[in-house]
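Here is the naming used below: chain letters follow the sequence lines, and residue numbers restart at 1 for every chain.
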There are 2 protein chains.
Amino acid sequence: MSFKSSPEYALLGILMTGPKHGYEIYGYFSSKMKQFWHLSMSQAYALLKRMEKNGILISKEEWQVNRPSKKIFSITQAGKERFLDWVHSPVKHVRDLRIEFMAKLFFIKELKLKGALDIIDKQIEVLQEKLHLIKSSKEKIIDEFQTALHSFKIAQMTSAIEWLKECKNYFSCKY
Amino acid sequence: MSFKSSPEYALLGILMTGPKHGYEIYGYFSSKMKQFWHLSMSQAYALLKRMEKNGILISKEEWQVNRPSKKIFSITQAGKERFLDWVHSPVKHVRDLRIEFMAKLFFIKELKLKGALDIIDKQIEVLQEKLHLIKSSKEKIIDEFQTALHSFKIAQMTSAIEWLKECKNYFSCKY
DNA sequence: GTAATCTATTCCAGTTTGGAATATTTTTAA
DNA sequence: TTAAAAATATTCCAAACTGGAATAGATTAC
């Protein structure tokens, strides 16, 4: 029951701030995370349904007079553990920095968690290892295209590592 | 009948080298483009089917004695025009450099087309404009997270532009 | 008072994904 | 030499995701 796609973690993180119904979760997402992550309403509801089936959250129907009832979702203990595991693990690829790693930083700040510097360091290590691998695989470069591809990877990786180092300053005082 | 997703262009580009059947197209893809683009076999076949319906390619059944017949796909005039339009247009976002822009460079080299320097220049312009926009939107940065996000975008954008400039050297002699 | 917007959720068609299923032919190794 | 493995060639399927429309009552605005 492991999930590969990460929008689930965004929803879990939002529920870490307290129980909410679907629309409220989506509202939180739209107002605070839309800048760096996109999620449609229909997908949010579909994910919530599946996550409940997987036991990482539960819902309660809330009956209201003269109104349709709404479903309040809360995160379970299993869900909390899952979320905290995720938030403290580095991502595997540079391409995941923009959305997934950014979300981890976002929640660390939003939920006032400890360990910002720690996860940034772990992430730097992961990327530095990849950078070495890429730099050492220079043999198979035979044409202009391969050269361009190779230098693109190095450039992206290097600038990501520099950014991570800079990030440590932004998060150093409080976390 | 415009398509948003770009794997179609990869298939079109492959057919620019001559008619091929599905398996052969996929083989070409796997051996030459897998490094920077992933496509599953089933999706390749599904796309080919849809592209034929859209008139950018056509197929001929090839009957063989004692064997199941195979379908040979060829690109149409409309398809060629579509492909060439695509290959000479810059992408809109930095995130599309890794796969889509790379594919354009790949095909320019592979099909020995003109205009490599031209499209690189256009791409630099697009990104430089975005970079200015990002740099000028500094007002709404209120916390460490926003600062981190902002500096990430600038770092990625800047390193991409540097890479593009470097690319011009790799492609300057022949194209 | 009625139009627009907000709250709240569901449904649907079209696409995509990854994998398995099918079936024939060619190559490899015991 | 014969069985197994790999290559050729294509289809099918379930699960997931996408974007949008449908529904429907409540509140706000003009």
Partner set under ring pair (Phe, Tyr, Trp, His ring centres under 6.0 Å) for [X], not counting sequence neighbours:
X	result
B:Trp86	B:Tyr9, B:Phe83
B:Phe101	none
A:Phe106	A:Phe36, B:Phe145

State which residues pass salt bridge (charged side-chain N to carboxylate O under 4.0 Å, His left out) with [X]; sequence neighbours excluded, sorted by chain then number.
X	value
B:Lys92	none
A:Asp96	none
B:Lys122	B:Asp118
B:Lys135	none

Expressed in angstrom and rounded to an integer, what is the separation of [X] atom [atom1] from [N] atom [atom2]?
X	N	atom1	atom2	result
B:Leu47	D:dT10	CG	C1'	15 Å
B:Lys60	D:dA9	NZ	P	17 Å
B:Lys49	D:dT10	NZ	P	11 Å
A:Tyr45	C:dA8	OH	P	8 Å
B:Leu48	D:dT10	CG	P	9 Å

Item to check | Pairs touching residues 10-28 of chain B that satisfy side chain to side chain donor-acceptor pair (under 3.5 Å), sequence neighbours left out | outcome: B:Thr17-B:Lys20, B:His21-B:Glu24, B:Tyr28-B:Glu110

Next on the checklist: Through direct or indirect side-chain contacts below 4.5 angstrom among Ile, Leu, Val, Met, Phe, Trp and Tyr, which residues connect to B:Ile58?
Outcome noted: none

Item to check | Net bend of the helix from C:dG1-D:dC30 to C:dA30-D:dT1, end axes of five pairs each, nearest 10 degrees | outcome: 20°

Checklist entry - Side-chain N or O of B:Arg50 less than 4.0 angstrom from OP1 or OP2 on C:dT16? => result yes

Item to check | Same cluster (ILVMFWY, side-chain, under 4.5 Å), B:Met102 and B:Leu39 | outcome: yes

Below 3.5 Å is the cut-off: list the nitrogen or oxygen pairs between protein and nucleotides 17-21 of chain C, distance only.
from   : atom 1 : to      : atom 2 : distance (Å)
C:dT17 : OP2    : B:Gln43 : OE1    : 2.1
C:dT17 : OP2    : B:Gln43 : NE2    : 3.0
C:dG18 : N7     : B:Ser42 : OG     : 3.1
C:dG18 : O6     : B:Ser42 : OG     : 3.3
C:dG19 : O6     : B:Ser42 : OG     : 2.7

Checklist entry - Nearest heavy-atom pair of A:Ala160 and A:Val94: which atoms, and what distance? => result CB-CG1, 4.0 Å

Checklist entry - Residues from residues 20-30 of chain A sitting under 4.0 Å of DNA chain C, heavy atoms only? => result A:His21, A:Gly22, A:Tyr23

